[in-house]
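Here is the structure we will look at.
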Amino acid sequence: TITKGFRSARHRLQGYRELDEETLEEVLGDIRTSLLEADVEVGVVKQFIATVKTKALGEVVRVRAEDAQGKTVRVKPQDHFVKICHDELVALMEPDEPGLRWKQGKGPTVTMMVGLQGSGKTTSAGKLANLFKSQGKKVMLVAADVYRPAAIEQLKVLGQRLDVPVFSVPGMQPPDLCEQGYQQAVNTGCDLVIFDTAGRLTIDQALMDELGEIRRRVHLDNTLLVVDAMIGQDSVTTAKSFHDKVGIDGVILTKLDGDARGGAALSVKMVTGASVKFAGMGEGLDKLEPFRAEGLASRILG
Amino acid sequence: LFAGKQIDESLYEEIEEVLLRADLGVKTTHELLQSLKDASSRKELANPAHVWKTLREKTQQLLDKVGQAPVVTRVAQGPAVIMVVGVNGSGKTTSIGKLAHRYSKEGHKVLVAAADTFRAAAVDQLEVWCQRADVPIHRGKENADPASVCFAAIERAKAEGFDLVILDTAGRLHTNQGLMEELSKCARVSAKALPGAPHETLLVLDATMGQNAVKQAELFRESVPVTGIVLTKLDGTAKGGVVLAIASGIGLPVKLIGVGEKMSDLRDFDAALFVEELFD
Ligand SMILES: Nc1nc2c(ncn2[C@@H]2O[C@H](COP(=O)(O)OP(=O)(O)OP(=O)(O)O)[C@@H](O)[C@H]2O)c(=O)[nH]1
Ligand SMILES: Nc1nc2c(ncn2[C@@H]2O[C@H](COP(=O)(O)OP(=O)(O)OP(=O)(O)O)[C@@H](O)[C@H]2O)c(=O)[nH]1
Ligand SMILES: [Mg+2]
Ligand SMILES: [Mg+2]
């Protein structure tokens, strides 16, 4: 229409440009490819692109300005759009509640680690114990993986290194272990008790029910989904199933010391609302960092 | 899937989504789509059903191109040596338990080497598997140099008449140069103990992994002579489509798949079955 053309012409004279469909077409495609290569789930990519497109369309951005020395500086409209994407990613992934949720009032805060096989639960349980012990908290670990060969031994070794007690009873099943471990934590005045559970497939009904049973027996302040940063499209199926079964309060994204882009962080957030709380940055028990959305957003956008 | 009566953009969009969701990745997905569109423009595709059938064939071709040599379990001189490598938590130790069981049942005299001298309870874990498979384990001192454990195990195998040695190594990220060099050293030192060793180097990949698996395959192959892939955790919901990107980009074949946590949950890779499951 006349007014639109007139307005945009006036904008151009002043060094502004409106973000419109054709300007965004190509960069939207590039962002989509980048997110897919970063292992963000297909449906989540679609949703994210639609969201930022709606946000960006019609935005008037500055494409020509003068810097402090009076020299003309140009910024392409596409670059403005990439910044809008980056900021949106950060906003989405930023946790409303960083770190652990601590129990208000008496009694130990209970944290349960859950996730697929090999994602880093046992190691992360040790890392959390290390972090909070160093902050002066009294911590206890519960060895509730009774299936994997030497899983209990693995947690005991970590406990010994940290001088943190590991609750374990030969022959006892996970729901009882968690219930009695919690009781032991209460009796010994612990501030934090962490349940290490066995890796499991979301399609394993019996093992998913086991998590439900643990939840029935003990109030869980934090159920942390431990996710390998290298995970692909399966992140959504996995996160949804764990969330539906037992409720996920937060995520620990492990093995970020590698070069996996970590798109799972966005996927999990979009389908469960759970944010990454901690990042696993190595095998050592000190290699755990509080989550920084800014850093991961850049890594995912690539 | 065959509701649309014509080959149009929405069919290609549907195909793209299926391939991306299976973790084939952007590059391999677009290569397959392009080859379908070329076939269509040459009037080779009659209807959507034909498109899906052709897609299955082209996908299988990617796998057939890399061939399928069986795992080396017999060599002319001395024990056959199989080295197992991969990133942390992919399923190496468990897969070795399964392999030891299989080859022992097939009549081999198997020795397993506990060359992961780093991770908490790694040797204990492997020990349980060796007990289950009724196969001896060779272990070194705690925190010993992994290469020395490989060397000693092969020497022992030669001396005691084992015909198959399987080396378990520590998980490591391909981006860690120091650890990748450590792995190269294990291979070099194994060759010192027995020229030609390791005769088979299996890269263990987790089927839930996304595009990073391609980088893993590239970099592990730069450090050690990877000859095949073990694709684990295929009993889950992930499709493991990244092995197609690896087949087309790097040329590594999948030789075995892990389909569970029990000793018997190991199968030979069947390309036709894999493709069928991919589009299921
Ligand atoms: N590089 C790196 N390795 C990690 C990290 N977290 C865990 N690992 C390694 O990943 C492997 C698996 O870790 P575990 O803690 O055993 O994983 P898990 O989830 O308890 O495994 P299951 O109990 O079998 O399901 C081990 O080799 C760990 O040392 C991390 O942040 N970085
Ligand atoms: N469902 C399923 N789980 C598997 C399969 N293979 C291995 N696992 C599980 O994956 C987890 C990790 O297996 P490990 O054998 O410890 O892996 P790893 O590569 O030796 O780990 P690191 O030595 O710590 O690097 C364990 O819980 C295994 O039981 C499989 O084919 N299916
Ligand atoms: Mg564990
Ligand atoms: Mg191992």
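Every heavy atom of this structure was used, including side-chain atoms; hydrogens, water molecules and symmetry mates were not. Throughout, protein chains are lettered first and strands after them, A, B, ... in sequence-line order, and every chain is numbered starting at 1.
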Any idea which of [options] has the most non-hydrogen atom pairs under 4.5 angstrom with chain B?
| options | value |
| --- | --- |
| V42(A), L155(A), T33(A) | V42(A) |
| G232(A), S119(A), G126(A) | G232(A) |
| G199(A), G258(A), A151(A) | G258(A) |
| G120(A), P149(A), G118(A) | P149(A) |

Of all heavy-atom pairs between [X] and [Y], which one has the smallest distance, and what is that distance?
| X | Y | result |
| --- | --- | --- |
| E17(B) | K46(A) | OE1-NZ, 3.1 Å |
| Q233(A) | R21(B) | CB-O, 3.4 Å |
| L36(A) | L20(B) | CD1-CD1, 3.7 Å |
| Q117(A) | K233(B) | O-NZ, 3.0 Å |

| query | Between D124(B) (side chain) and Q154(A) (backbone), is there a donor-acceptor pair under 3.5 Å? | reply |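 No, D124(B) side chain to Q154(A) backbone: no donor-acceptor pair under 3.5 Å.
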Just verifying a value: how many Å separate [X] [atom1] and [Y] [atom2], rounded to the nearest 0.5 Å?
| X | Y | atom1 | atom2 | value |
| --- | --- | --- | --- | --- |
| M230(A) | K215(B) | CE | NZ | 12.0 Å |
| M209(B) | D39(A) | CE | CG | 11.0 Å |
| D259(A) | N176(B) | CG | CG | 11.5 Å |
| D234(A) | T208(B) | CG | OG1 | 6.5 Å |

| request: Counting only heavy atoms closer than 4.5 Å, note whether I203(A) contacts chain B via side chain, backbone, both or neither. | output: side chain
| task | Tell me, for R261(A) versus chain B, whether the close heavy atoms (under 4.5 Å) come from the side chain, the backbone, both or neither. | result | neither
| message | For a side-chain contact (heavy atoms from CB on, under 4.5 Å) check, start with the C-alpha distance between D257(A) and L173(B), then their side-chain angles and the critical distance, and finish with the verdict. | response | CA-CA 8 Å; D257(A) 44 316; L173(B) 295 182; 3.3 Å; yes
| said: Report, in residue-number order, which members of residues 156-171 of chain A are under 4.5 Å from chain B by heavy-atom distance. | reply: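 Residues of residues 156-171 of chain A touching chain B at under 4.5 Å: V157(A), L158(A), R161(A).
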| query | Using non-hydrogen atoms and a limit below 4.5 Å, what part of residues 88-104 of chain B faces chain A? | reply |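 The residues closer than 4.5 Å to chain A, in numerical order, are N88(B), G89(B).
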| Using non-hydrogen atoms and a limit below 4.5 Å, what part of residues 234-242 of chain B faces chain A? | D235(B), G236(B), T237(B), A238(B)
| E16(B) with R32(A): basic N within carboxylate O range, under 4.0 Å |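 Salt bridge between E16(B) and R32(A), a charged N being under 4.0 Å from a carboxylate O: yes.
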| said: If the threshold is 4.0 Å, N to carboxylate O, is there a salt bridge linking E283(A) and R172(B)? | reply: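 No, no charged N to carboxylate O under 4.0 Å.
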| said: Taking side chain to side chain donor-acceptor pair (under 3.5 Å) as the cut-off, I'd like each qualifying pair that reaches into residues 193-203 of chain A, sequence neighbours left out, listed once. | reply: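 Passing the test, one end in residues 193-203 of chain A: T122(A)-D196(A), R200(A)-E210(A).
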| Side chain, backbone, both or neither: which part of E261(B) has an atom under 4.5 Å from a heavy atom of chain A? | side chain
